Amino acid sequence: MGKAHIDRLKLEAVLAATIKTERQRQVLSQQELADAIGKPKFTIKAIFDS
């Protein structure tokens with residue numbers, strides 16, 4: 001893997017952690033977040049399970 005790919009993976013991990021922290025701070029379930037942004041729950045789950 002090249003440096004750019006590794007940097008992207010690191011960024012994705014930071015973004016996922018930030019979204020999860022904010023979702024928990026606002027006491028939202030994954031389903032509530034999905035509904036709020038108009039995406040299916042499996043999309044949200046994929047972000048946090050990656």
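This is a predicted model, so every value here is computed, not measured.
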Is Ile37 reachable from Ile47 through a run of I, L, V, M, F, W or Y residues, each pair having side-chain heavy atoms under 4.5 Å apart?
yes
Given side-chain contact (heavy atoms from CB on, under 4.5 Å), test Leu9 with His5 step by step and report yes or no.
CA-CA 6 Å; Leu9 291 174; His5 183 72; 3.6 Å; yes
Transitive ILVMFWY cluster of Leu15 at side-chain heavy atoms under 4.5 Å: who else is in it?
Leu11
Residues forming a side chain to side chain contact (heavy atoms under 4.5 Å, CB included) with Gln26, sequence neighbours excluded:
Glu22, Leu28
If you round to the nearest 0.5 Å, how far is CD of Gln30 from OG1 of Thr43?
11.0 Å
Working to the nearest 0.5 Å, report the span between CG of Asp35 and NZ of Lys41.
10.0 Å
Check Arg23, Lys39, Lys20 against Leu33 for a side-chain contact (heavy atoms from CB on, under 4.5 Å) and give me the one that passes.
Arg23
